[in-house]
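Per chain, numbering begins at 1; letters A, B, ... match sequence-line order. These figures come from a predicted structure and were not determined experimentally. Side chains are part of it too, since the values below use all heavy atoms of this structure and drop only hydrogens, waters and symmetry mates.
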Amino acid sequence: MSREKVLVTAALPYANGPIHLGHLSGAYLPADIYVRYKRLNGDDIVFIGGSDEHGVPITISADKEGVKPKEIIDRYHNLNKEAFEKFGMSFDNYSRTSLPIHHATGQEFFLEFYKRNVLVEKKSLQFYDEKAKMFLPDRYVEGTCPNCGYEEARSDECENCGALYQPTELKNPKSKITGENPVLKETSHWYFPLGRYQKRLEEYINEMNRQYGWKENVLNYCRGWFKDGLGDRAITRDLDWGIKVPLDSNEGKVLYVWFEAVLGYISSTKEWAINKGDENLWRKYWQDTNTKYVPFIGKDNIVFHSIIFPAFLMAWNDGEREKYVLPQNIPANEFLNFEGKKFSKSRNWGIDVIDFLKLFPADPLRYTLAANLPETRDTDFYWKEFQLRNNSELADILGNFINRTLTFVNKHFSGEVPSKGKLDDIDTEMINLIAEYPAKVSKLFESYKIRDGVLEAMNLARAGNKYFNDSEPWKSVKQDKEKCASTLNICLQAIYTLAELLSPVIPFSSDKIFSMLNAEITEWHKCGGENLVPGHKLGKVEIIFPKIEDEVIEKQMQQLNKTAIKEEPKQDEQITFDDFMKVQLKVAEVLSAEKLEKSEKLLKLKVRIGNEERQIIAGIAKSYKPEDLLNKKVVVVANLKPAKLMGMESQGMILAAEDEKGGLKILSADDLVKSGARVK
RNA sequence: GGCGGGGUAGCUCAGCAGGUCAGAGCAGUGGAAUCAUAAUCCACGUGUCGGGGGUUCGAAUCCCUCCCCCGCUACCA
């Protein structure tokens, strides 16, 4: 196969928290295995990563801790970089989007689009803090909810009653920064017109899929987006933290993080080129149609890499300047869950990479994750499975095969590779089998079936054990030393092959195996041949994969359950009489009812509770016609906080129960009961 | 409610351009062997492929419908 030029990127982790095992499974580990394999395969490959360091969540974290955003991003950038290094990620460059080179790249794209009139400008009213001299993002404004009177409501939504409204409706707005009353001021923002590229994007994806076979999950996500239709997306924000919009008239504006983060791949490659001493080297990858660009990501990132980023690059390529390559394939993975549930920082469910690697070496984790990558659907990480993969696969099958072979050679052949003599069928079959492996595993890796490739490689260790057993060298050593020598020679070659085939997966252990063999790794396609010559002196034997004891795993599981934050109380939890009496159920009489336009399910009702009249919006239009309800006596929750539905205030809730067919039946009261009577 | 993803052996998962597709690994049972980290090797699975209906000569694989789980989301009451 001819040498390929490959550009691999792995999703930029957001520098607002530590990465966990799920991130590794989604993007980083498969990317790293692929890249390590491609390097051995002799391909011209560059592997790019970095931290995504802009955006509002980071400024909020900073505010919460009373520190500058820089402190947050430095902390997590360094933490995650260290975690990646310990995990064995072999990035050629791990950059960060706060660097000048990235700011320049983001601005260059913006200006290019701006000058060529690709962008659309839209004006809107937004809160402006005159003291701080800045526009305030939604989350920086607080005020009194126009609906329920809650005093700490956000500018466009109330956390208390759930109402949504325009910022102009908010009462007593206050800036969270200065405490001053902000004024509404006109601001303009730039939008990227994704819709203009939809047709070309669809063609691009269809063509790539036709040629390279994209994954079903990726195609489905794209189809969903296309079906809804792509619209304009704002690419600027009124914020201080981020890349400045490079226009004089746009003081105080930055590029929206989603616009510039994907460009981080490009700027990180630029940084790599500079470090390499050739500042234009990055162009050789990004701006050459022969490059195979493969971004590894998790499913949450599909839209950015299959639609938005390609649209940017198309827009750029429509101009006169050097053209960029678009992704050739996007091997996005689903998610890894943890012990049956989603990773959750707030519930303290899961484990961070950095913490995991304090407890266990990287390779058993890499192998366990690789053997169960969420390539076709969500999968789970279980502590028990981790132990099992380590003990019964890495230690018992692979480790033991290596150990039994090497100790045997040490004992009977003074630690030197024995020569092959006359071969039996079983020997030639094994030699042929070994020789098939590099291509076999290669084929799977090339089609991004990383999991299958890893498991297939491990099968060679199983075959090795079988061959060893069937050949019975412990017998032949006494009766037929030549046959015994052949057996051990072949086993050693198999170990060499295994060390190489598995080196992308368990690089640290692979190095150890090579040093035990006292040999160097070779090109991928050669590793299935005879790489250890007779008489070659082997290195010192050691145990590569110690077993993990039950107690160690149990301790982790206990730890997890102890620190996990309990979920909501169960539904069958009992409540006290007082609890029940907090809910005021009253009989109400329906005075009028009408269907709400534009709503499938909602009816607007006027009811009388005693002397009081109320408006209630009820989601029962599918089961009742307005006239069915007139003068009916129904049961309502009288002290429910009002809520806004479809812009109409609902001041209560009508009790209804679902019938067998999924329709709703209202609970009605006997005619003798007076309106306003308490139900208890 | 909408959208998306799933429901296949005890467990974790493959298979899903319809015809050796009823699978792998682990666990379990029985046996062989003893070089090795008590590690290996061999043999053994009657699973309604979530339920029901349909298309077809033939469906886990296509269509319809229902049930359940997960994620995102909404005019949840």
Could you check whether [X] gets within reach of a base, just the sugar-phosphate, or nothing at all, counting any heavy atom under 4.0 Å?
X        : value
A:Thr379 : sugar-phosphate
A:Phe468 : base
A:Asp380 : sugar-phosphate
A:Glu393 : sugar-phosphate
A:Lys466 : sugar-phosphate
A:Leu388 : sugar-phosphate
A:Phe545 : base

Out of [options], whichever nucleotide has its closest atom nearest the side chain of [X]:
X        : options             : value
A:Asn465 : B:A36, B:U40, B:G25 : B:U40
A:Thr407 : B:C13, B:U34, B:C35 : B:C35
A:Asn400 : B:A39, B:C35, B:U12 : B:A39
A:Lys411 : B:C41, B:U12, B:A36 : B:A36

Checklist entry - Does A:Lys411 make a cation-pi contact with A:Phe408 (under 6.0 Å, within 45 degrees of the axis)? => result no
Item to check | Cation-pi geometry met for A:Lys481 and A:Phe413 (6.0 Å, 45°) | outcome: yes
Checklist entry - Taking all atoms of both residues into account, what is the closest heavy-atom pair of A:Cys484 and A:Pro473, and its distance? => result SG-O, 3.8 Å
Item to check | Closest heavy-atom pair and its distance - A:Phe226, A:Gln198 | outcome: O-NE2, 2.9 Å
Checklist entry - Heavy atoms, side chains only, cut-off 4.5 Å: are A:Lys384 and A:Glu554 in contact? => result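 With C-beta onward as the side chain, the pair touches.
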Checklist entry - Quick one: does A:Ile513's side chain get under 4.5 Å of A:Leu502's, heavy atoms only? => result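 No. Closest side-chain heavy atoms not under 4.5 Å.
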Rounded distance in Å between the [atom1] positions of [N] and [M]:
N     : M     : atom1 : answer
B:C35 : B:A17 : C1'   : 49 Å
B:A9  : B:A43 : P     : 23 Å
B:A59 : B:G18 : P     : 13 Å
B:C63 : B:C3  : P     : 16 Å
B:C76 : B:G1  : C1'   : 8 Å
B:G51 : B:U8  : C1'   : 15 Å
B:C67 : B:G52 : C1'   : 10 Å
B:G28 : B:G19 : P     : 36 Å

Next on the checklist: Less than 4.0 angstrom between a side-chain N/O of A:Lys475 and OP1 or OP2 of B:A33, yes or no?
Outcome noted: no
Checklist entry - Any side-chain N or O of A:Lys547 under 4.0 Å from OP1/OP2 of B:A39? => result yes
Parallel, tilted or perpendicular for [X] and [Y], by the 30°/60° rule?
X        : Y        : answer
A:Phe360 : A:Phe356 : tilted
A:Phe338 : A:Phe343 : tilted
A:Tyr256 : A:Trp258 : tilted

List every contact pair, protein side and nucleotides 5-9 of chain B side both N or O, where the distance is under 3.5 Å.
unit_1	atom_1	unit_2	atom_2	d
B:G5	OP1	A:Asn220	ND2	2.6
B:G6	O3'	A:Arg377	NH1	3.1
B:G7	OP1	A:Arg377	NH1	3.4
B:G7	O5'	A:Arg377	NH1	3.4
B:U8	O4	A:Arg377	NH2	3.4

Checklist entry - Nearest-Å distance, CG (A:Asp550) to P (B:A27)? => result 13 Å
For [N], which nucleotide is its Watson-Crick or G-U wobble mate, given both distances must be under 3.5 Å?
N     : value
B:A43 : B:U29
B:A9  : none
B:C35 : none
B:C3  : B:G71
B:U55 : none
B:A60 : none

Checklist entry - Has the side chain of A:Asn469 got a donor or acceptor atom sitting under 3.5 Å from an opposite partner on the base of B:U40? => result yes
Next on the checklist: Can you tell whether the side chains of A:Lys443 and A:Glu446 come within less than 4.0 Å, N to carboxylate O?
Outcome noted: no
Item to check | Basic-acidic side-chain contact under 4.0 Å: A:Arg377, A:Glu334 | outcome: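 So A:Arg377 does not pair with A:Glu334 through a salt bridge.
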Next on the checklist: Which is more 5' along RNA chain B, the nucleotide nearest A:Pro473 or the one nearest A:Asn337? Just name the residue.
Outcome noted: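 The residue whose closest nucleotide sits nearer the 5' end is A:Pro473.
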Next on the checklist: On RNA chain B, does the nearest nucleotide to A:Lys342 precede the nearest nucleotide to A:Gly399 from the 5' side, or the other way round? Give the residue.
Outcome noted: A:Gly399
Item to check | No-hydrogen, no-angle side-chain donor-acceptor test under 3.5 Å, A:Gln493 and A:Asn489 | outcome: yes
Item to check | Contact residues, residues 451-459 of chain A to RNA chain B [heavy atom, < 4.0 Å] | outcome: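 Those residues are A:Arg451.
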Checklist entry - Syn or anti for B:A22, taking syn as within 90° of 0? => result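 B:A22: anti.
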